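On a predicted model such as this, the values are computed, not experimentally measured, just so you know. Start at 1 and go down the list; that is how both ligands and their atoms are numbered.
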Amino acid sequence: MRYQSTRGHAEQRTFSEILLAGLAPDGGLYMPVEYPQISADDLESWRGLSYADVAFEVLSRFADDIPTETLRTLTRETYTAERYSNVRAGENAADITPLLPLGDENGTPLSILALSNGPTLAFKDMAMQLLGALFEYALARDGSELNILGATSGDTGSAAEYAMRGRRGIRVFMLSPNGKMSAFQRAQMFSLDDPNIVNLAVEGVFDDCQAIVKAVSSDLDYKAHQKIGTVNSINWARVVAQVAYYFHGWLLATDGPGQKVSFAVPSGNFGNVCAGHIARMMGLPIENLVVATNENDVLDEFFRTGVYRVRAAAETHHTSSPSMDISKASNFERFLFDLLGRDTERVAEVFREIDETGVLDLSGMPEFARIHEFGFVSGRSTHADRVATIREVSETYGVVIDPHTADGIHVARQHLSPGIPMLALETALPAKFAEIIREALGRDPERPASFEGIEDLPQRVEVVPADYMQIKELIAARTGL
Ligand SMILES: *Cc1c(COP(=O)(O)O)cnc(C)c1O
C-alpha cells in the first residue's frame, strides 16, 4: 500500500515511511492511494476472532510492509484483556471494546461501544498503545531513537505517556500547564516513574505549551539533531488503528452478512469519525456516522450547511466535554479529499482558501449535495444536554456515562432509524470527569480499582518557565545528543 498527500505535491510513501511522520512535506495529510475492500465473505469469516486478530486483519491491509508475523505479534501483545481491564459490570474484558446494550428506543437497539477500558480510561488508548508498539519495533529495526515532544491539557498527554512508558528507543517530554489540570490528571501523568517519561509543568496556560512545541519544532536543525517527533492526531497510524473497532463493533452487533448499523461519535479533531468513514469506504455496512459536537460546533455546522468556518481563539468555548474543544478539526482534510473526488489540486486550493479567509463554503456545490452518500449526519450538544443525558441514562439504564459520551448519545437520539442498531462510542470513562457527574447525579463517579488512591502516589514533575530556549536546553541535556 502506498500513501499520497491530500495536496498532491509530495512523493508517495509506504506505511513504515509515514509511521513516524506528521504532515506531508506539502502541508497535506497522508492517505492510502486506495481503500482495501473487505467483502461480506471476508467479514463473516472474521466472526469469532479476538479484537487483536480483527485489528491485525484491518492493519495488515494498510501496513503491508511490516512482516505479517511481526504485525500479528504486535497486535496480540497490545490488545490484551489485562491492558483493557477497566471494565464495568455487564462488560466482557476479553472483548477489549465490549458492547453494552442500553435498551430499545423507538424500535432502535441503542448500545454503548466501550472504547475506554484501557490504561488511561479514554479511547485514545486504543490507537496510542498500538502506536507505542509500532514505534518501538520500527526504531529497533532502523537502529534509531525518538524523542516525543508534546503539549497536553490532560487526556492526550497521559495516553501518550502510558503508551510509550518503558519502551526502548523512545523518550517523552510532555508539557502541561502548571496547576491547570485536575488532581486526577496530574496524578495519572506525574505518578509514572519510568525514566523515559519527562513531565514538564510550564508556568503558563495550554496555549503557551503548544507555542513552545511549535517554536522548538520549527528549528529544523535542532529537531533533526535531537530526533524530535510528535504523536498528534493527524498521524496516519493512529487513525488506521481506530478503524479496527468499527469492524469489531459491527461484528459484535450483528449476526449475519449485510446488516447495517450506525455509529455515534463524539467528535473534535475528526480522527475518530474519520476512522469510521474509512471503515465504511472499505465496505463495512454502516448506515450513518453521527458526528456529535459540543458547543464547539465547527463540524456540525459543516455537515448541516456546507460551510466550514474555523473559529477564532476567543470563539472557542471551554466546555464540560473538554476533549472536544477545538477551533478547527485537524483530520477533516482527509474527508474533504474523498468528498472532492480525490482531486488534490482542489484540496490544495480549498485549504489555501481556508488559511486565508478561515472559511470554506461548499453549500452550493454539487459535492455537498452528495454528502449524505457518505453516511454523515450531525448534531450539537450543550452543557445542559450533557447533564440531562448523564442523568437520564443513569436513571433509565443504570449506566453512568462521561460527558463526551453523553454528547454522542444526545445527538444519536436525533438520528435513530427503526431496526438499525445505534452504537454510541464511549470515548472516556466518567471517573475522569467527576465534576459534571456530581452535578448530574449528586455523587462521585465510580473509580476503577487500579486508580484508587492514585493522588497519594509520589509524583515526578519539573516546573519550568514558559521559555522555549530553556526547554530546548533541558531536552538536549537529557537526550545527550
Ligand atoms: C480526543 C477525544 C474526543 C475527540 O476525538 P477526535 O478524534 O478528536 O474527534 C472525544 N472524546 C474524548 C474523551 C477524547 O479524548
Side-chain angles (χ1 to χ4, degrees), residues 29 86 97 112-129 131 150-163 181-182 184-185 188-189 206 231-243 245-246 263-279 289-300 302-303 316 319-335 376 378 380-381 386 389-390 401-412 424-434 436-437 445:
L29 303 185
N86 294 307
T97 61
I112 284 177
L113 185 61
L115 303 180
S116 300
N117 300 335
T120 74
L121 312 185
F123 88 102
K124 293 202 170 65
D125 290 331
M126 292 305 301
M128 208 72 94
Q129 291 285 325
L131 211 60
T152 187
S153 53
D155 284 344
T156 315
S158 56
E161 291 188 351
Y162 279 75
M181 293 195 297
S182 71
F184 182 83
Q185 286 174 322
Q188 219 181 1
M189 286 176 53
F206 175 59
V231 284
N232 48 27
S233 71
I234 55 163
N235 178 283
W236 167 254
R238 253 180 91 174
V239 173
V240 80
Q242 295 174 345
V243 174
Y245 53 70
Y246 286 89
F263 293 94
V265 189
S267 293
N269 275 318
F270 204 75
N272 195 353
V273 74
C274 184
H277 163 69
I278 293 164
L289 290 164
V290 182
V291 179
T293 74
N294 62 18
E295 291 88 335
N296 297 292
D297 56 359
V298 190
L299 290 168
D300 176 42
F302 174 77
F303 284 107
T316 308
T319 74
S320 51
S321 47
S323 302
M324 292 154 63
D325 292 349
I326 48 104
S327 56
K328 59 176 195 239
S330 51
N331 276 293
F332 183 60
E333 182 164 345
R334 292 197 152 106
F335 172 62
F376 282 102
S378 73
R380 89 196 272 273
S381 165
R386 286 189 274 289
T389 305
I390 291 169
I401 54 172
D402 100 294
H404 307 80
T405 308
D407 288 329
I409 290 183
H410 175 75
V411 176
L425 304 195
E426 179 171 56
T427 54
L429 289 192
K432 298 189 87 165
F433 301 96
I436 189 171
I437 302 301

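When only non-hydrogen protein atoms are considered, atom 2 (C) of ligand 1 lies nearest to Lys124 NZ, 2.5 Å. Among all protein heavy atoms, the one lying closest to atom 7 (O) of ligand 1 is Asn272 N, 2.9 Å. Remark: minimum distance from atom 5 (O) of ligand 1 to any protein heavy atom is reached at Phe123 CZ, 3.6 Å. For atom 4 (C) of ligand 1, the nearest protein heavy atom (residue, atom name, distance) is Gly268 N, 3.6 Å. In terms of protein heavy atoms, atom 8 (O) of ligand 1 is closest to Asn269 N, 2.7 Å. Shortest contact from atom 11 (N) of ligand 1 to any protein heavy atom: Thr427 OG1, 2.9 Å.
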I would like to know whether Asn331 and Asn269 meet side-chain hydrogen bond (donor to acceptor under 3.5 Å, both in side chains); could you show each step before the answer?
CA-CA 6 Å; Asn331 276 293; Asn269 275 318; over 6 Å; no

Let's go through Asp300 and Arg380 carefully: what are the C-alpha distance in whole Å and the side-chain angles of both, what is the deciding distance for salt bridge (Lys or Arg N to Asp or Glu O under 4.0 Å) to 0.1 Å, and is it a yes or a no?
CA-CA 6 Å; Asp300 176 42; Arg380 89 196 272 273; 5.2 Å; no

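Listed by atom number, the atoms of ligand 1 under 4.0 Å from Ser267 heavy atoms are 9 (O). Atoms of ligand 1 found under 4.0 Å from any heavy atom of Gly271, numbered from 1 in the order shown, are 6 (P), 7 (O), 9 (O). Close contacts of ligand 1 with Ala428, meaning ligand atoms under 4.0 Å from a residue heavy atom, involve 13 (C). The ligand atoms of ligand 1 that sit less than 4.0 angstrom from a heavy atom of Met324 are 10 (C). Close approach of ligand 1 to Phe270 (heavy-atom distance below 4.0 Å) involves ligand atoms 6 (P), 8 (O), 9 (O).
You'll find the side chain of Phe270 stays beyond 4.5 Å of the side chain of Arg334, heavy atoms only. Side-chain contact between Pro266 and Met324: present, with at least one pair of heavy atoms (C-beta onward) separated by less than 4.5 Å.
Considering both main-chain and side-chain atoms, Ala122 never comes within under 3.5 Å of ligand 1 through any nitrogen or oxygen pair.
Side chains of Ser327 and Thr316: no donor on one and acceptor on the other come within 3.5 Å.
Under the side-chain hydrogen bond (donor to acceptor under 3.5 Å, both in side chains) rule, Ser321 has a single partner from Asp402, Asp407, Thr427, Thr405, which is Asp407. The one candidate from Val273, Val411, Asn272 that meets the side-chain contact (heavy atoms from CB on, under 4.5 Å) condition with Ser267 is Val273.
Every heavy atom of Ser233 sits 4.0 Å or more from the atoms of ligand 1.
Here the closest non-hydrogen pair linking Arg386 and Ser320 is NE-OG, 2.8 Å. Across every non-hydrogen atom of Pro430 and Pro445, the tightest pair is O-CG, 3.5 Å.
Comparing Ser330, Pro266, Cys274 by heavy-atom distance to atom 10 (C) of ligand 1, the nearest is Pro266.
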